[in-house]
Student: 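Below is one structure. I have some questions about it.
Along the sequence shown, the residues carry numbers beginning at 1. In each ligand, atom 1 is the first atom listed, and ligand 1 is the first ligand listed.
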Amino acid sequence: MTQVADQAVYKDDSQLRQKRMIAEHFARLARVPQSGEKAVYTFVPGNLTELLQSFDLLPVLPEINALQSGMRGKSKEYIQLAEKLGHSEDVCTYVKCDVGMLRSGNVGPTGERLPAPDLLLLSYTGCFTFMKWFEILRQEYGCPAVMLHVPYQGSGHVTAAMRDYVVAQLRRKVIPALERISGRRYDEERLKQCLERSARAEDDLVWVLESARQRPSPIDAWFGAVYYVGPIFSAFRGSQDAVDYYRELRAEVEQRLAAGLGPVTPDGVLERERYRLVIEGPPNWTSFRRFWKMFSDEGAVAVASTYTKVGGTYDRGFRHDPARPLESLADYCMGCYTNLDLPTRVDLLVRYVEEYQADGLLVNSVKSCNSFSAGQLSMMREVEARTGRPVAFIESDLVDPRYFSAANIKNRLESYFQMIEHRRKGPS
Ligand code: SF4
């Protein structure tokens, strides 16, 4: 394992590999006008990346573009432009960031122009905003759209009827749309090969996430893990690149574990783990490293998080399965975190607090996201009652820097860490 300082930030080999993969993907997207390849815009939860790959179609993930714009300091101007165009302050800021980027020339995170979509593929998992977002893009681009309706897991499990419903849509609507766009016939053998590679990458990802059960945890399962889930959440699941990336990442984490090292933070390896937290909700992207430092400066490590499950709950046992290709795509879509009902989310959080020996649960409530925020306060109360461990609440936003108050967050974190210390001492 080597670590290099990249703009004074430590990066592992796996992170550098990921950076290269992403750069190559965006370069390929920028070459679309010359290459004639086709681009399909789709969302992270419930994405059908393997199916797109089997047709040689290029996925574009608008949420990833928005979060990257946030990390690169571009989101504020994009959001303000979208608001000037009439999008209300209450609209999810990912949407406004994307609309602002589109109206500013559609230049993606690497500085290269993104191709217009040949198709909008809407896998509707748990968020109404997705539907409105693609309605806007369909108007802007005048391109075709196809919707995969994914039933919400309202009763906490997937029934055979739900699975059949999704598979029937894949066969009758989604696959024919992909055949039309790509000019190719559906090739199930090719899809199976992609799914087999997905399952291998998923095995390694789960191993990495579960390494956080150890003390000290060799990873940060929220800040650090957003890099780890990047390839599997976006354009790479099902590719050999993803298999290689997760194998390399796992080897790095194995070495850190064997050496008794903590996670790599913006300031290098964490020296002392003082607090182990389970975190619910997405991070803030506009002040990502500053936000992370507020935790790492205090020795606070995320040992499990729900955000890293929005693109699949692989640690609940799900794997893409080449033996049941369309059925396993259906199960994948229905199993994403924000498609789970609240009691199932609470069960998962309780399991995380207990199995990862966490000091407590911290909720980052983001203003934009109803899909995450709904029910968080009652979820907190229930987790506290069932685990007996302290819970706390902070607020920020995904990509709107106007909603990131460093002083408020720092104060609340300090009070929370004091509360944990107090609990450790026991009744006086
Ligand atoms: S509301 Fe939440 S889940 Fe929906 S698009 Fe916005 S960030 Fe994503």
Side-chain angles (χ1 to χ4, degrees), residues 41-48 59-71 75-76 78-79 82-83 87-102 109 117 120-138 140 145 147-153 222 226 229-230 232-234 279-288 291 305-313 332-342 344-345 363-377 379 394-404:
Y41 284 26
T42 196
F43 292 114
V44 170
N47 70 69
L48 301 170
V60 175
L61 288 300
E63 304 121 295
I64 304 280
N65 295 337
L67 78 84
Q68 292 270 0
S69 297
M71 285 178 119
S75 55
K76 186 174 171 191
Y78 292 156
I79 290 168
E83 285 174 357
H87 294 278
S88 139
E89 217 176 290
D90 293 331
V91 171
C92 165
T93 50
Y94 272 179
V95 181
K96 286 187 289 186
C97 185
D98 189 44
V99 169
M101 184 181 83
L102 157 62
L120 300 169
L121 170 55
L122 168 59
S123 299
Y124 177 76
T125 44
C127 173
F128 184 69
T129 303
F130 286 144
M131 208 149 66
K132 294 285 142 197
W133 191 345
F134 270 6
E135 272 179 25
I136 295 168
L137 293 195
R138 189 177 55 180
E140 293 278 349
M147 176 169 169
L148 176 68
H149 180 244
V150 177
Y152 184 65
Q153 279 203 42
W222 195 44
V226 299
V229 294
I232 239 165
F233 276 19
S234 60
I279 302 193
E280 150 73 13
N284 161 273
W285 302 112
T286 51
S287 300
F288 185 77
F291 192 27
S305 67
T306 52
Y307 177 70
T308 50
K309 315 295 156 36
V310 289
T313 49
Y332 161 71
C333 292
M334 289 185 281
C336 293
Y337 180 74
T338 48
N339 203 52
L340 305 180
D341 66 347
L342 296 188
T344 308
R345 296 188 204 187
V363 173
N364 182 35
S365 176
V366 296
K367 177 192 125 353
S368 281
C369 184
N370 290 332
S371 204
F372 256 106
S373 306
Q376 274 176 335
L377 285 175
M379 285 161 70
I394 53 176
E395 290 170 282
S396 65
D397 187 53
L398 296 159
V399 289
D400 191 338
R402 295 171 298 185
Y403 294 93
F404 184 83

Student: Look at atom 5 (S) of ligand 1 and say which protein heavy atom is nearest, naming residue and atom and giving the distance to 0.1 Å.
Tutor: F130 CE2, 3.5 Å

Student: Mind checking whether H149 and Y124 have parallel, tilted or perpendicular rings, split at 30° and 60°?
Tutor: parallel

Student: List in chain and number order the residues that pass side-chain contact (heavy atoms from CB on, under 4.5 Å) with C336, two or more places apart in sequence or in another chain; answer none if no residue qualifies.
Tutor: P45, Y332

Student: Would you indicate whether K76, at its atom NZ, is surrounded by more than 12 heavy atoms from other residues, nucleotides or ligands within a distance under 6.0 Å?
Tutor: no

Student: Would you say the ring centers of Y337 and F372 fall short of 6.0 Å from each other?
Tutor: yes

Student: Less than 2.8 Å away from atom 2 (Fe) of ligand 1, how many protein N/O/S atoms can be counted, ignoring water?
Tutor: 1

Student: Take atom OH in Y152; do more than 12 heavy atoms of anything else shown fall under 6.0 Å from it?
Tutor: yes

Student: We want to know whether S368 and T93 form a side-chain donor-acceptor pair, criterion being a heavy-atom distance below 3.5 angstrom.
Tutor: yes

